[in-house]
Novice: 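Dumping the structure here so I can ask a few things about it.
In what follows, chains carry the letters A, B, and so on, assigned in the order in which the sequence lines appear, proteins first and then strands, with residues in each chain numbered from 1.
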Amino acid sequence: MSTEEATAPSNFIRNIIQGDLDSGKHTAIQTRFPPEPNGYLHIGHAKSICLNFGIAKDFDGLCNLRFDDTNPDKEEEEYMHAIEEDVKWLGFEWSELKHASDYFQPLYMFAVKLIVEGKAYVDSLSADEIREYRGTLKAPGKESPHRNRSVEDNLGLFQRMKEGEFEDGAHVLRAKIDMASPNMNMRDPTLYRIKRTHHHRTGDDWVIYPMYDFTHCLSDAIESITHSLCTLEFEDHRPLYDWVLDEVKTPCHPQQIEFARLELKYTITSKRKLQQLVTEGHVNDWDDPRMPTISGMRRRGYTAAALRDFCDRIGITKKDSSIEMAVLENSVREDLNEYALRVMGVLNPLKVTIKNYPDDQVENVEAQNHPQNPDMGTRKVPFSKTIYIEHDDFMEDAPKKFFRLSVGREVRLRYAYYITCTDIVKNSNGEVIELICTYDPETKGGSSPDGRKVKGTIHWVSAEHAIDAKINLYDRLFTHPNPGSTENFVEHLNPESLQQLSHCKLEPSLANANPETHYQFERTGYFILDKKDSAKDKLVFNRTVTLRDAWAKIDKQNNS
RNA sequence: UGGGGAAUCGUCUAACGGCAGGACUACGGAUUCUGAUUCCGUCAAUCAAGGUUCAAAUCCUUGUUCCCCAGCCA
C-alpha cells in the first residue's frame, strides 16, 4: 500500500503497558506469541499475533515466537513450519524463536527446587483417583494420601520418574497448594506427567513432560517477558501463574493479562474443530480457501495488510463478542481496491454476435489497469464480432431499473462500443443461448459523438481470443451464525460454500497470471490464481471477495 | 454466597465525574465508461432499580443476564 499504516488504536492492554513505562516499572517491553504446534493458525491467532507483535513494534520492544511444545502426543513438526510461515506472511518478525522444550532441563531443576522446599510432591494416585479427590466446583477436594511424603522420598521418586523407571501414569508431580481452594486450578495442580512419547525436538531424552501451568509462566520468566498476554479462559490460572513464579523465586515476574478470544460469525475458531473438518473431509485441507486459517485465507487471496487492518478494527477487550464477516470483508476490499489489477473475465458466458461488425476484423481496444491510478498503465484487449458477456447481464423481461442488456436496449461494452440487442436465440429448453446485437461504429472507445447517455456498462471478452479458466466461488462455510455453540457443528456446514465454475472466459492477458497478483475482474470481484490447483494450461482462480453489489440489493427487494 | 470474568447503537469499539464519539452494517443522495471506488447525509446504544453529586456510562447499593473453571490438554 502506498500509505503508511497507522499504529493500532489503543486498548486497555496498551494503556497498562504505557502506564508501566510511564511509572518506570519497565524500561523496555518484551512480549511473546506462544502457539502450540498442534494445528494451523487461524484468524483468532492473527488477533493475538497482531496484539503481541504490534505492541512490541509500537512500544519499541521485542516479541518472541515460542512454541509451547510440552505435549508430544499432539504436536508435530509440520505445524511448526506452517506457523512460522504464517507469522512471517502476516508481516511480523520475531526477536527470538524459542521452544518450551528448550527449557526442559531448567524446568526440571525448578521442579526439584519446589520439592526440596516442600512445595511439590509425587502423587501415586491414578488419574481417576486424582479426579475424585479433586472435589467439585462447590465441594472442596481432599488431600492425597501421598501428599505428605518426605522430601527425600519425593526427590527419589521424581528422579526415578525422570529415569523411566515407572510406567506412564504411575506417578505425577503435583504442587502442594490447597485442596480446598475455591479455584480448582489451585487444588494441587499436576506439574509433571510420565509420557513415553517421542518428542519432535527432544527425541527420547525425556519421559516426563511438564504441564502448561508450570511451563508457561517459567518460560515467560526465562525470556524476560514483561507482559504475558493470553485469552480469558486463563484468567483462573493467573493465581497459579503467580504462585509458581513466587515459589520458584524467579528474578523476573511477568504480568499475565487476559483478553477476549476472537469469534467470527458463521465460522469456527477452534483448532480441534478445524482439525475435524480436515480429517473428515468436509474441506480439502487446512488451507482450503473456505477455512478461517491464515493459510486458507492467504490462498483465497486475503492479504496480510487486510488481516492486520481487521485486527486493528476489532479492538481488544475482555468482553465476549462475535464479529460480523462484513468487517473482515470490508478490510479485504479496502486493501485490494488500492492496487488490484483491473481485468475482464466472464464467469457464466453468454455468446453475443454483433451482426454488423466485419467478420474477420479484430481491434485492440485500450483498457486501463486501474482507472483511479493511471500510473498502473493500460493494456490492449482484443475485440471481435463474437464475444461473451455475463449471462446475468441479459434479462428477457427486464425491469426499468435493470441497466443492462435486453431486447431493444443499448449498453456500453467496457472500453469498446455501444451495442443494442436485436434478437435472441434459444435452445430447445427455451433457454437463451445467444444474443444478436448491432454495434454503433461511432462509439469506439466507449463514448458517442452525439453524447447520448448509456446507463449500463458491461464487461466482455472476445470469443476467439478468450482463455478458459475454472473459477471457485466461495460462500460462508456455515449456515449457522455460531456453529461452534451447536450440538453438532458439522450439521450446519453450508452445502453451497463452494461453487466451481468450469467454463469461464477470461481476457487473454490473464494467460500470464501469477498467484502473487491480485486481480479485480471488473464488476464481479477480486480474484487470485490458485497456487495449488493451477497449471500452465489449466488456470484456476479463486474469488477472494465479491464487489459490493447495489443491483443485488435492488433485485432482492424486488423479489421479496 | 463455590471461584473467576463481562455487560455502551443491529455488530464491534471509545469516552476513566463534565456535549455518549468512531468503525462496520442498514438506509437515502451526489459523482462515475465497474450498479465498484469516491463524496455527502440519515437511522441507531449506556442491562435494571435505587442512591451520591450542580453533573453519572463512569462512584455506591441491590438485582438481572451472559461467559469461563472439576485434563496426567494448551
Novice: Out of A/Phe214, A/Tyr121, A/Tyr209, which one pairs with A/Tyr192 under the ring-ring contact (aromatic ring centres under 6.0 Å, His included) rule?
Specialist: A/Phe214
Novice: Which whole-number value in Å describes the distance from A/Phe310 CZ to B/rU11 P?
Specialist: 16 Å
Novice: Go through the steps to decide whether A/Gln256 and A/Glu258 satisfy the test side-chain hydrogen bond (donor to acceptor under 3.5 Å, both in side chains), and finish with yes or no.
Specialist: CA-CA 7 Å; A/Gln256 174 177 307; A/Glu258 311 84 11; 3.0 Å; yes
Novice: Decide yes or no for A/Phe104 and A/Thr202: does some side-chain heavy atom of the first lie under 4.5 Å from some side-chain heavy atom of the second?
Specialist: yes
Novice: Using the 3.5 Å cut-off, write out each protein N or O paired with an N or O of nucleotides 13-20 of chain B and the distance between them.
Specialist:
from: B/rU13; atom 1: OP1; to: A/Thr317; atom 2: OG1; distance (Å): 2.7
from: B/rU13; atom 1: OP2; to: A/Lys319; atom 2: NZ; distance (Å): 3.4

Novice: Please measure how far the P atom in B/rC19 lies from the corresponding atom in B/rC59, and state the result in whole Å.
Specialist: 16 Å
Novice: Are side-chain heavy atoms of A/Phe67 and A/Glu36 found at a separation under 4.5 Å?
Specialist: no
Novice: Please report the distance separating the P of B/rA20 from the corresponding atom of B/rA44, rounded so that it comes out in whole Å.
Specialist: 15 Å
Novice: Distances for protein N/O vs nucleotides 68-72 of chain B N/O pairs under 3.5 angstrom?
Specialist:
from: B/rA70; atom 1: O2'; to: A/Arg134; atom 2: NE; distance (Å): 3.0
from: B/rG71; atom 1: OP2; to: A/Arg134; atom 2: NH2; distance (Å): 2.9
from: B/rC72; atom 1: OP1; to: A/Arg134; atom 2: NH2; distance (Å): 3.3
from: B/rC72; atom 1: OP2; to: A/Arg134; atom 2: NH1; distance (Å): 3.3
from: B/rC72; atom 1: N4; to: A/Leu125; atom 2: O; distance (Å): 3.1
from: B/rC72; atom 1: N4; to: A/Ala127; atom 2: N; distance (Å): 3.0
from: B/rC72; atom 1: N4; to: A/Gly169; atom 2: O; distance (Å): 3.2

Novice: Using Watson-Crick or G-U wobble geometry with both distances below 3.5 Å, tell me the partner of B/rC73, or none.
Specialist: none
Novice: Taking the cut-offs as 6.0 angstrom to the six-membered ring centre and 45 degrees off its axis, would you call A/Arg412 and A/Tyr418 a cation-pi pair?
Specialist: no
Novice: Please work out whether B/rG71 sits syn or anti, treating a glycosidic angle within 90° of 0 as syn.
Specialist: syn
Novice: Quantified in whole Å, what is the P atom distance between nucleotide B/rC67 and nucleotide B/rU61?
Specialist: 26 Å
Novice: Which whole number of Å gives the distance between the P atom of B/rU38 and that of B/rU25?
Specialist: 10 Å
Novice: Whole angstrom is fine here: how far is it from CG in A/Leu240 over to P in B/rA74?
Specialist: 12 Å
Novice: Base, sugar-phosphate alone, or nothing: which one does A/Glu235 contact when heavy atoms must sit under 4.0 Å apart?
Specialist: sugar-phosphate
Novice: Using the C1' atom as the reference point in each nucleotide, state the distance between B/rU46 and B/rC16 in Å, no decimals.
Specialist: 14 Å
Novice: Atom CZ of A/Arg261 to atom P of B/rG5: distance rounded to whole Å?
Specialist: 19 Å
Novice: When you look at A/Trp551 and A/Phe403, which way does the ring pair (Phe, Tyr, Trp, His ring centres under 6.0 Å) test go after all the steps?
Specialist: CA-CA 9 Å; A/Trp551 167 250; A/Phe403 303 146; 7.5 Å; no
Novice: Distances under 3.5 Å between protein N/O atoms and the N/O atoms of nucleotides 34-38 of chain B, please, pair by pair.
Specialist:
from: B/rU34; atom 1: O4'; to: A/Glu522; atom 2: OE1; distance (Å): 3.4
from: B/rU34; atom 1: N1; to: A/Glu522; atom 2: OE1; distance (Å): 3.3
from: B/rU34; atom 1: O2; to: A/Gln520; atom 2: OE1; distance (Å): 3.1
from: B/rU34; atom 1: O2; to: A/Arg523; atom 2: N; distance (Å): 2.9
from: B/rU34; atom 1: N3; to: A/Gln520; atom 2: OE1; distance (Å): 2.5
from: B/rU34; atom 1: O4; to: A/Arg342; atom 2: NE; distance (Å): 2.7
from: B/rG35; atom 1: OP1; to: A/Arg523; atom 2: NH1; distance (Å): 2.7
from: B/rG35; atom 1: O2'; to: A/Ala550; atom 2: N; distance (Å): 3.1
from: B/rG35; atom 1: O2'; to: A/Trp551; atom 2: N; distance (Å): 3.4
from: B/rG35; atom 1: N7; to: A/Arg404; atom 2: NE; distance (Å): 3.0
from: B/rG35; atom 1: N7; to: A/Arg404; atom 2: NH2; distance (Å): 3.0
from: B/rG35; atom 1: O6; to: A/Phe403; atom 2: N; distance (Å): 2.8
from: B/rG35; atom 1: O6; to: A/Arg404; atom 2: NE; distance (Å): 3.3
from: B/rG35; atom 1: N1; to: A/Lys401; atom 2: O; distance (Å): 2.8
from: B/rG35; atom 1: N2; to: A/Lys401; atom 2: O; distance (Å): 3.2
from: B/rA36; atom 1: N1; to: A/Gln372; atom 2: NE2; distance (Å): 3.1
from: B/rU37; atom 1: OP1; to: A/Arg548; atom 2: NH1; distance (Å): 2.5
from: B/rU37; atom 1: O2'; to: A/Asn337; atom 2: ND2; distance (Å): 3.0

Novice: To the nearest Å, how far apart are A/Met186 CE and B/rG2 C1'?
Specialist: 15 Å
Novice: Under 4.0 Å, counting only non-hydrogen atoms across every strand here, what does A/Ser322 touch: a base, just sugar-phosphate, or nothing?
Specialist: sugar-phosphate
Novice: Ring of A/Tyr108, cation from A/Lys162 - is the NZ or CZ under 6.0 Å from the centre and inside 45° of the axis?
Specialist: yes
Novice: Would you say that A/Met211 contacts A/Arg193 through its side chain, given a criterion of any heavy-atom pair below 4.5 Å between the two side chains?
Specialist: yes
Novice: For B/rG50, which nucleotide in any strand shown is its Watson-Crick or wobble partner with both distances under 3.5 Å?
Specialist: B/rC60
Novice: Does B/rU37 have a Watson-Crick or wobble partner in any strand here, with both distances under 3.5 angstrom, and which is it?
Specialist: none
Novice: Measure from CD on A/Gln557 to P on B/rC27 and round the result to the nearest Å.
Specialist: 6 Å
Novice: Any idea how A/Phe234 and A/His237 line up, ring-wise: parallel (<30°), tilted (30 to 60°), or perpendicular (>60°)?
Specialist: perpendicular
Novice: Does any nucleotide pair with B/rU11 by Watson-Crick or G-U wobble geometry, both distances under 3.5 Å, and what is it?
Specialist: B/rA23
Novice: For a quick test of reading the model: is some side-chain N or O of A/Thr70 closer than 4.0 Å to OP1 or OP2 of B/rA74?
Specialist: yes
Novice: Under 4.0 Å, heavy atoms only, any strand: does A/Tyr415 hit a base, just the sugar-phosphate, or nothing?
Specialist: base
Novice: Please report, rounded to the nearest Å, how far the C1' atom of B/rA74 is from the OH atom of A/Tyr79.
Specialist: 15 Å
Novice: After noting the C-alpha distance and the side-chain angles of A/Asp69 and A/His99, does the key distance pass the side-chain hydrogen bond (donor to acceptor under 3.5 Å, both in side chains) rule?
Specialist: CA-CA 7 Å; A/Asp69 56 350; A/His99 302 79; 5.2 Å; no
Novice: Check if the side chain of A/Glu258 and the base of B/rG5 share a donor-acceptor pair of N or O atoms closer than 3.5 Å.
Specialist: no
Novice: What is the distance from CD of A/Gln256 to C1' of B/rA74, rounded to the nearest Å?
Specialist: 12 Å
Novice: Using whole Å, report how far CZ of A/Phe259 lies from C1' of B/rC67.
Specialist: 16 Å
Novice: Is the shortest side-chain heavy-atom distance between A/Pro382 and A/Glu507 below 4.5 Å?
Specialist: no
Novice: Looking only at side chains, do A/Tyr302 and A/Glu329 share a donor and an acceptor under 3.5 Å apart?
Specialist: no
Novice: Measure the shortest side-chain to side-chain distance between A/Leu413 and A/Ile419 over non-hydrogen atoms and say whether it is less than 4.5 angstrom.
Specialist: yes
